[in-house]
There are 2 protein chains.
Amino acid sequence: MAKVTIKDVAREAGVSISTVSKALNDVNVVKPDTKKRILEVAQRLEYSPNLIGQRLKSGSTQTIGFFTSSVTGPYFSLLMDALAHFSEKSGYGLNVYISSDRHQIMNTIRGNLFDGVLLFDLVISDQDLEILNSEKMPVVFLDRKYTSEYATSVIFDSFQAGYDVGNYLLNLGHRKIAYIAGFEGVYDSEQRLAGLRKAMAERSLAIPASYLLQGLFEEEAAYNAVLSFIRSARLQGTEIPTAFVAGNDISAIGAMKALKHEGYNVPEDVSVTGFDDIDIAEYFNPALTTIRNPIAAQARQSIQLLLQLVKGERNVAAKVLPGELIIRKSARNI
Amino acid sequence: MAKVTIKDVAREAGVSISTVSKALNDVNVVKPDTKKRILEVAQRLEYSPNLIGQRLKSGSTQTIGFFTSSVTGPYFSLLMDALAHFSEKSGYGLNVYISSDRHQIMNTIRGNLFDGVLLFDLVISDQDLEILNSEKMPVVFLDRKYTSEYATSVIFDSFQAGYDVGNYLLNLGHRKIAYIAGFEGVYDSEQRLAGLRKAMAERSLAIPASYLLQGLFEEEAAYNAVLSFIRSARLQGTEIPTAFVAGNDISAIGAMKALKHEGYNVPEDVSVTGFDDIDIAEYFNPALTTIRNPIAAQARQSIQLLLQLVKGERNVAAKVLPGELIIRKSARNI
DNA sequence: TAGTTTTTTGAAAACGTTTATATTTTTCGA
DNA sequence: TCGAAAAATATAAACGTTTTCAAAAAACTA
């Protein structure tokens with residue numbers, strides 16, 4: 001009992017396959033009687049069209065590809081859920097493709113499986129990007145600013161986020177602020193730092209080099225960085241900052257644990273902030289003051305821009321979404 | 001500049017398309033010289049095969065479909081990440097399809113897009129399942145026990161988990177234990193309760209009806225349930241349980257907040273446990289004692305069983321994976 | 001060198017659809 | 001009732017591949 005095709009339906013209904021196709025696709029040209037008969041036969045035989053055949057012929061797939069290298073982090077469920085929701089609402093299927101194999105990824109994107117693609121956290125060369133553009137493949141980046149004829153992006157304003165956190169702490173009276181960075185060269189980490197620096201510069205303040213710690217965006221690395229920083233500061237009798245701005249929430253947690261371990265109370269003795277507003281931020285003690293990015297909005301906008309591209313618009317402008325300062329308990333006035 | 005096809009390569013290389021196909025697919029029959037020439041041309045023209053064409057012809061897609069209705073919950077990133085990892089390792093692509101539209105889902109599964117599918121948290125009728133089976137579509141369920149000729153499942157042993165938590169608390173000396181249930185009829189919630197009951201029954205103990213609370217697997221609902229339970233118990237002068245087994249972690253957190261609000265310290269005055277081991281469990285204060293399910297193992301097994309089915313094995317036995325008790329701070333001896 | 005075998009290449013069919021065009025059937029007017 | 005117009009249906013091509021089988025080219029053999 002192989003899978004029933006349009007041919008089987010045609011034979012069973014005593015009609016040609018083109019008529020079946022028209023009946024099924026509601027092309028208003030087939031006689032009501034025959035159409036009814038065909039539909040009945042199709043139902044009885046439990047016919048379900050071969051999507052591959054359809055797609056090959058039509059050239060359109062009504063599906064969006066979401067490509068990413070990994071799915072870790074809480075950011076993800078939220079993003080994917082929203083993406084799925086908005087694409088479904090627009091009548092498009094969403095396919096998530098997870099891989100770090102550049103060649104595989106390009107092959108899949110270029111395999112005519114998708115009407116357009118969303119790209120996140122991928123290693124793709126400029127040359128690859130050009131190929132995509134030359135093949136008129138609609139692309140939206142979720143992790144970097146980029147625009148071309150067939151590509152655009154929807155990202156968060158990490159600079160502004162850093163600036164906002166900076167001003168918040170400065171308004172609370174902090175003057176000595178340390179920054180716990182992510183991996184060297186990570187865009188978000190650097191933008192956040194740049195924003196923070198700008199806020200400080202506006203008040204003629206600066207972050208000394210010794211206040212720049214390496215937290216690698218990880219709890220343990222941040223813990224160790226803060227621990228050794230404090231200890232060596234004590235040893236040298238130098239002053240400890242009144243506030244730590246961590247590059248993300250998880251390193252903020254590492255920082256708080258280190259501070260607690262060294263006998264400092266957060267926020268009484270020292271303030272700590274993060275970025276991202278992960279689940280834990282709210283439940284940790286003290287609850288973490290941080291910046292929340294509008295993930296659902298990013299998903300909605302991405303789908304919207306991508307579909308504009310799919311429908312023929314060109315040079316669609318990129319969007320930069322502002323984050324929101326979530327004030328909790330981990331920072332207070334000095 | 002339309003996308004280059006195998007025809008373009010053939011023309012440019014002065015050869016037929018069948019030869020190009022053979023050269024590209026490394027069928028060892030084309031003369032080294034021509035092969036080299038073809039490969040060069042393909043590279044120069046940046047040829048990338050149309051996957052739809054390939055798939056239509058070959059009937060195989062080398063991809064696995066993962067179908068689910070929603071992506072919420074921390075369980076997800078972990079599962080997806082592991083799934084992606086293991087499918088890639090097996091040489092299969094993973095496509096995640098998120099939808100609640102039963103008709104859409106069936107259409108997509110039956111559309112010959114996948115060599116096999118993973119199903120989670122979907123509303124699919126028995127009739128649909130029969131159709132899939134009659135079409136020889138390999139299926140693995142991740143949320144319910146099911147086996148048929150072409151289907152099997154990989155699930156967690158919620159009964160055993162409840163039993164283990166029960167014994168743990170009983171060994172700590174607890175005798176009065178309450179259970180905070182999920183939605184009425186939710187399989188996991190009921191299994192966990194059944195396991196707990198068995199552990200108690202083995203010591204001739206039972207859970208009185210008044211100790212069964214409705215937490216809906218949500219923080220707030222659990223909070224409210226526990227709050228009103230405590231208050232009415234106080235009012236009536238009845239005894240309060242020494243331990244609360246919450247149906248999942250998030251309701252355990254709701255319970256702990258309610259207890260704290262009413263002046264009870266966890267775990268000094270009363271013990272609380274959860275199920276799932278979500279991120280927050282470790283960071284909450286007190287850190288939650290709970291059961292962790294081996295998600296990566298589930299992913300690995302699912303892919304493995306699915307591929308057995310894909311490769312022609314029949315009636316593959318279902319797997320039931322045991323959870324692991326993670327002892328932290330929220331429960332202690334009495 | 002001619003015949004034979006082996007290697008290499010090409011033509012054509014096939015996968016399951018949709019759609020343009022051709023053909024048949026029906027309807028309608030005179 | 002016949003012919004023309006309109007409606008319905010069928011035939012065939014096409015989408016981009018792979019694969020079977022036939023044909024051509026190359027390599028041997030005697």
Side-chain angles (χ1 to χ4, degrees), chain A residues 2-39 41-42 45-63 107-115 135 137, chain B residues 2-39 41-42 45-63 107-115 135 137:
Chain A
K3 188 159 188 250
V4 1
T5 73
I6 199 171
K7 279 185 199 164
D8 301 311
V9 178
R11 184 167 7 85
E12 190 74 11
V15 94
S16 81
I17 62 167
S18 63
T19 306
V20 175
S21 175
K22 286 166 191 159
L24 258 23
N25 293 298
D26 227 21
V27 178
N28 216 9
V29 68
V30 19
K31 187 153 65 167
D33 277 6
T34 12
K35 179 167 173 180
K36 183 154 167 280
R37 182 156 44 95
I38 292 173
L39 259 33
V41 171
L45 299 189
E46 284 167 346
Y47 170 72
S48 175
N50 182 315
L51 266 23
I52 306 233
Q54 281 189 336
R55 292 175 180 191
L56 179 57
K57 186 61 181 68
S58 71
S60 149
T61 65
Q62 291 290 310
T63 99
N107 236 42
T108 311
I109 298 182
R110 299 179 64 203
N112 298 56
L113 261 20
F114 311 105
D115 289 355
E135 284 175 359
M137 172 58 77
Chain B
K3 188 159 187 248
V4 1
T5 72
I6 199 170
K7 280 183 199 164
D8 301 313
V9 178
R11 185 167 5 85
E12 191 74 12
V15 95
S16 80
I17 61 167
S18 58
T19 306
V20 175
S21 175
K22 286 164 192 160
L24 259 22
N25 292 299
D26 226 21
V27 179
N28 215 9
V29 68
V30 18
K31 187 153 68 168
D33 277 6
T34 12
K35 179 168 173 179
K36 183 154 166 280
R37 182 157 42 95
I38 291 174
L39 259 32
V41 171
L45 298 190
E46 285 167 345
Y47 170 72
S48 175
N50 181 315
L51 266 23
I52 305 233
Q54 281 188 336
R55 291 175 180 191
L56 179 58
K57 187 62 183 65
S58 71
S60 148
T61 64
Q62 290 291 308
T63 99
N107 236 41
T108 311
I109 297 182
R110 300 180 63 204
N112 298 55
L113 260 20
F114 311 105
D115 289 355
E135 285 174 358
M137 171 59 75

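Sequence lines set the chain letters: A, B, ... in the order given, protein chains first and strands last, and positions in each chain run from 1.
When distances run from any side-chain atom of B:Lys22 to the nucleotides C:dG10, C:dT17, C:dA20, the shortest one goes to C:dG10.
Looking at heavy-atom distances under 4.0 Å, B:Asn25 makes contact with sugar-phosphate atoms alone, never a base. Here A:Val30 lies in heavy-atom contact (under 4.0 Å) with sugar-phosphate atoms only. At the heavy-atom level, B:Ile17 lies under 4.0 Å from base atoms of the strands shown.
Side-chain contact between B:Ile109 and B:Phe114: absent, with no pair of heavy atoms (C-beta onward) separated by less than 4.5 Å. Within the 4.5 Å cutoff, no side-chain heavy atoms of A:Thr61 are placed close to those of A:Leu113.
Following rounding to the nearest Å, A:Leu24 (CG) and C:dG16 (P) show an atom-to-atom distance of 16 Å. As rounded to whole Å, 12 Å separates atom P of C:dT18 from atom CD1 of A:Ile38. Separating the CZ atom of B:Arg55 from the C1' atom of C:dG16 is a distance of 16 Å, rounded to the nearest angstrom. Following rounding to the nearest Å, A:Asn28 (CG) and D:dT9 (C1') show an atom-to-atom distance of 15 Å. Per the geometry, NZ belonging to A:Lys57 stands 13 Å off P belonging to C:dT17, to the nearest Å. Summarising the geometry, the separation between NZ on B:Lys3 and P on D:dG16 is reported as 9 Å, rounded to the nearest angstrom. Protein atom CG of B:Leu56 is 13 Å distant from nucleotide atom C1' of C:dA13, rounded to whole Å. Put simply, CD1 on B:Ile6 is 14 Å from P on D:dC15, counting in whole angstrom units.
In terms of position on DNA chain D, the residue among B:Gly53 and A:Thr34 whose nearest nucleotide sits closer to the 5' end is A:Thr34. When the nearest nucleotides of DNA chain C are assigned to A:Thr5 and B:Gly14 by heavy-atom distance, the more 5′-ward of the two goes with B:Gly14.
Using modelled atom types, one finds a donor on one side chain and an acceptor on the other under 3.5 Å when comparing A:Ser16 with A:Ser18.
Here the CD1-CD1 distance, from B:Ile52 to A:Ile52, works out to 6.0 Å after rounding to the nearest 0.5 Å.
Judged by distance alone, with hydrogens and angles left aside, A:Ser18 brings a side-chain donor or acceptor within reach of the base of D:dA10, the pair sitting under 3.5 Å. The base of D:dT19 lies outside donor-acceptor range of the side chain of B:Ser21, with no N or O pair under 3.5 Å.
One finds a side-chain N or O of A:Thr19 lying less than 4.0 angstrom from the OP1 or OP2 phosphate oxygen of D:dA10. Taking 4.0 angstrom as the limit, B:Lys7 places a side-chain polar atom (N or O) nearer than this to OP1 or OP2 of D:dC15. Residue B:Tyr47 places at least one side-chain N or O closer than 4.0 Å to OP1 or OP2 of D:dT17. At D:dC15, none of the side-chain N or O atoms of B:Asn50 fall inside 4.0 Å of OP1 or OP2 (strictly under the cut-off).
Ion pairing between A:Asp33 and A:Lys36 fails under the 4.0 Å rule for side-chain N and carboxylate O.
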